[in-house]
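Following this message is one structure expressed as C-alpha cells.
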Amino acid sequence: MVEKFSAPKGVSEYFPPRGRDFETAIEKLLEPVRSAGYQLIELPIFEDTELFTRGVGGSTDVVTKEMYTFQDRAGRSLTLRPEGTAGVARSVIEHGLERGQLPIKVFYKGPFFRAERPQAGRYRQFFQVGIEAIGADDPALDAEVIYIAHRALQNLGLKNFTLKISSLGDGESRSKHRIELMKFISHIDLDQESLDRVAKNPLRLFDDKRKEIIAAMESAPLIRDFLSPDSQENYESVKSHLRNLGIAYEEDPRMVRGLDYYTGTTFEFLHHGLGAQSAIGGGGRYDGLLQALGGSQLSGIGFGLGIDRALLALDAEGITLEQERSGLDLYLIPLSPASKITSVALLAKLRESGLRVDMSYGDRGLKGAMKSADKQGAKFTLVLGDDELSSESVHVKNMASGEVVSVKLSASEISSFIKKMI
Ligand code: HAM
C-alpha cells in the first residue's frame, strides 16, 4: 500500500465547509479596515533572516526559538515570516513609500510561521489580518488603529472580548525604568539563559511563566511610574480618544508584547472563551523600528488579528457567520449524452448571468444527482433529458416547496425565472 501523507505537525488548515467561514471571516475583519482608507500590501512569505533578528528582536521567543530558517541554493539565510510588521517596514524603506501621503496606511492578510509547541489555538502556520499606519506620531492615530481592531472583531459578531492597553513610553521613560528594573532584577536569582534575555530586554521577565519569578516580579518597578511628561500626556490623550469612541479598556501595566520593537501605546484583545491562547489580536506603536532597519525616523503603529483564534472565538460564542448567499441557486441534471452537451453550454451562460450554478458530473443518474443538489443547498434543480431537448422546454423544481414549473429551454429565460424567484 502507498503511504499516506499528513499535513506537517501543528499547522492550521481550512477545507469545505469551514473554508467558507475562513473566507467570510477575513472579509468581515477587513470591512472596517478598508473603510478607514487602508490599502493592500502583499509581501513575500520569506525574507532575509536578519530582518527579523534585528526587527523583531533577539530577546524574543519568536526569534530565538520559533523561526523557520533555511538556506537557499546560493547559501543566503532566509526565514518564513513569523509576523508582518518587519516586512512592511522593510518594504516602506526599500521603495521609499514615505515620499507619498503620510501616514502610509496598509493592510495585509495571510499565513505566518512560528515553530511553537502546538495546542488548541496555537499553530506553526497561522493566519493574520493586520494593518500598519506609518509616518504620523499622533495619539489620534493610535486610537484609530485600536478602534479599527475593535470594530473588526465586533463586525465578526464577537462580544466576549476585552481590550488591554499600556504605554511603554518614549526613550527617556524606558531608559529610566530600565535602570531601576535592572537594579531590582539583580536581586533575583537567575540562570544564565534568563540573564542573557534580561540583558537584551528586562521587560521579558514580566512575561516569565515560572512561579518563583512571577512571585519575585510582584513588586518590580512598573514603566507607568517612569513615563516622561510627554509620554504621560500622549498616553492620556490616547485613552481620552478611546473613551470618546466608546471603547472600553483595561489598563495593564504589566503587559509585555512578544516582540521587541514596541514603544509607546501597546494593546491586546483577549477573548474569554479560548482558554490559554486567549489573545485574538495585539499591536502597538514602534517608533524606532524603521530607523533600526536603516530607514528614516518614521514612527508607526499597527495590529495583527489572529484569524484562527477569531474562528475559535466564534465557535465559543456559538455564532455562525452569516454567509451572504449560501448554497447554489440552481443545479443542472443532464440525463443523456445529447443533453450533457447542451447542459455544459447552458451552465456557462447561467453562471455568466450571475447565478450560482453547478451540474451533476459523472453520469450518476437522477437519484444520486438529486442528493448532490440537496447537499449543496441548491434552491432549484433542472432535469434535462432527450424529451426536454426535443420539446425545448424544461422543468424547474423549487427544492423547498417541491413546485415544478415549465420554462423555455433558453439561458436567458431560465436565468430571469430563477432571479425572479430568489
Ligand atoms: P502578535 O501578538 O505576535 O503580534 O500576533 C498577533 C495575533 O496573531 C495574536 O494575538 C494571535 O491572535 C495571533 N497569533 C500569534 N501567534 C499565533 C500562533 N502561533 N497560532 C495562532 N495564532 C497566533 C504581531 O504579530 C504583530 N506583528 C502585530 C503588530 C502589527 N504590531 C504592530 N503592528
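Note: hydrogens, waters and symmetry copies are ignored here, and every other heavy atom, side chains too, is used. Order of listing sets the numbers, starting from 1, for every ligand and every atom in it.
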- Task: Determine the minimum heavy-atom distance between Arg224 and Gln232, stating which atoms define it.
- Result: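 For Arg224 and Gln232, the tightest heavy-atom pair comes out as O-OE1, 4.2 Å.
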- Query: For atom 24 (C) of ligand 1, what's the nearest protein heavy atom and its distance?
  - Reply: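 Its nearest protein heavy-atom neighbour is Leu259 CD1, 3.5 Å.
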- Message: If the cut-off is 4.0 Å to any non-hydrogen atom of Ile280, which atoms of ligand 1 fall inside it?
- Response: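 So the answer, numbered in order with elements, is 10 (O), 12 (O).
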- Query: Is atom CD of Glu233 surrounded by more than 12 heavy atoms (other residues, nucleotides or ligands) closer than 6.0 Å?
  - Reply: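 At most 12 heavy atoms, drawn from other residues, nucleotides or ligands, come within 6.0 Å of this atom.
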- Task: Just need the protein heavy atom nearest to atom 21 (C) of ligand 1, so name the residue and atom and give the distance.
- Result: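 For atom 21 (C) of ligand 1, the nearest protein heavy atom is Gly121 O, 3.3 Å.
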- Counting heavy atoms only, name the option from Gly55, Ser278, Gly306 that's nearest to atom 13 (C) of ligand 1.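 Result: the heavy atom closest to atom 13 (C) of ligand 1 is in Gly306.
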- Message: Nearest non-hydrogen contact with atom 23 (C) of ligand 1 belongs to which option: Tyr262, Phe126, Tyr108?
- Response: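 Selected option, by shortest heavy-atom distance: Phe126.
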- Message: Can you confirm whether the side chains of Thr266 and Arg257 place a donor and an acceptor under 3.5 Å from each other?
- Response: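 Absent: no donor and acceptor within the cut-off.
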- Message: For Arg257, state whether at least one heavy atom is located under 4.0 Å from any atom of ligand 1.
- Response: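 The answer is yes: ligand 1 sits under 4.0 Å from a heavy atom of Arg257.
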- Polar side chain donor-acceptor pair, Arg197 to Thr64, under 3.5 angstrom: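 Their side chains do not contain a donor-acceptor pair, so the 3.5 Å distance test is not met.
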- Message: I'd like to know whether ligand 1 has Gly284 as a neighbour, heavy-atom separation below 4.0 Å.
- Response: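 The answer is yes: ligand 1 sits under 4.0 Å from a heavy atom of Gly284.
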- Quick one: look up the protein heavy atom nearest atom 19 (N) of ligand 1 and list residue, atom name and how far away it is.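 Answer for atom 19 (N) of ligand 1: Glu116 OE2, 2.6 Å.
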- Message: Between ligand 1 and Gly281, is the shortest N or O to N or O distance under 3.5 Å?
- Response: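 Yes.
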- Message: Do Ser372 and Arg364 pair up side chain to side chain, a donor and an acceptor below 3.5 Å, judged on atom types alone?
- Response: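 Yes, a side-chain donor-acceptor pair sits under 3.5 Å.
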- Item | Geometric class of the Phe22/Tyr14 ring pair [parallel <30°, tilted 30-60°, perpendicular >60°] |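 Parallel, since the angle between the ring planes stays under 30°.
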- Item | Nearest-contact summary for atom 33 (N) of ligand 1 - protein heavy atom, Å |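 For atom 33 (N) of ligand 1, the nearest protein heavy atom comes out as Glu132 OE1, 2.9 Å.
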- Task: Would you check if there is a donor-acceptor pair between the side chains of Asp170 and Ser231 at a distance under 3.5 Å?
- Result: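 Asp170 and Ser231 do have a side-chain donor-acceptor pair below 3.5 Å.
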- Task: Taking all non-hydrogen atoms of both residues into account, name the closest pair between Arg174 and Leu168 and its distance.
- Result: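 In this case the closest contact between Arg174 and Leu168 is CG-O, 2.8 Å.
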- For ligand 1, does Tyr261 get within less than 4.0 Å through its side chain, its backbone, both, or neither, judged by non-hydrogen atoms?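 Side chain only; the backbone of Tyr261 stays clear of ligand 1.
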- Message: Considering non-hydrogen atoms of the protein only, which is the closest contact for atom 12 (O) of ligand 1, and what is the distance?
- Response: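 The closest one turns out to be Ala279 O, 2.8 Å.
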- Query: Applying a strict 4.0 Å limit to heavy atoms, is Gly130 in contact with ligand 1?
  - Reply: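 It does not; every heavy atom stays at 4.0 Å or beyond.
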- Message: I want to confirm something. Looking only at heavy atoms, which of Glu66, Arg117, Glu83, Gln128 is nearest to atom 5 (O) of ligand 1?
- Response: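 Looking at heavy atoms only, Gln128 sits closest to atom 5 (O) of ligand 1.
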- Could you find the nearest protein heavy atom to atom 20 (N) of ligand 1 and give me its residue, atom name and distance?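 Scanning the protein heavy atoms, the shortest distance from atom 20 (N) of ligand 1 goes to Tyr123 N, 3.0 Å.
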- Task: Report yes or no: does Thr53 contribute a side-chain atom to a donor-acceptor pair with the main-chain N or O of Glu50 at less than 3.5 Å?
- Result: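 Yes; judged by distance alone, with no hydrogens or angles, the pair exists.
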- Item | Within reach of ligand 1, part of Ile301 (heavy-atom separation under 4.0 Å) |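 For Ile301, no heavy atom sits under 4.0 Å from ligand 1.
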- Message: Using a 4.0 Å cutoff against the non-hydrogen atoms of Arg122, which atoms of ligand 1 qualify?
- Response: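 Going through ligand 1 atom by atom, the ones under 4.0 Å from Arg122 are 19 (N), 20 (N).
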- Task: Have a look at ligand 1 and work out which part of Phe303, if any, has a heavy atom under 4.0 Å from it: side chain, backbone, both or neither.
- Result: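 Backbone only.
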- Query: Under 3.5 Å, is there a donor-acceptor pair between the Tyr108 and Gln128 side chains?
  - Reply: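 No - no donor-acceptor pair under 3.5 Å links their side chains.
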- Pro82, Ala133, Gly300, Gly302: member with heavy atom nearest to atom 32 (C) of ligand 1: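 Comparing heavy atoms across Pro82, Ala133, Gly300, Gly302, the nearest one to atom 32 (C) of ligand 1 lies in Gly302.
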- Any donor-acceptor N or O pair under 3.5 Å, side chains Thr85, Tyr286: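 Not at all, the side chains of Thr85 and Tyr286 share no donor-acceptor pair under 3.5 Å.
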- Item | Parallel, tilted or perpendicular: ring planes of Phe380 versus Phe417, cut at 30 and 60 degrees |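 Aromatic pair Phe380/Phe417 classed perpendicular.
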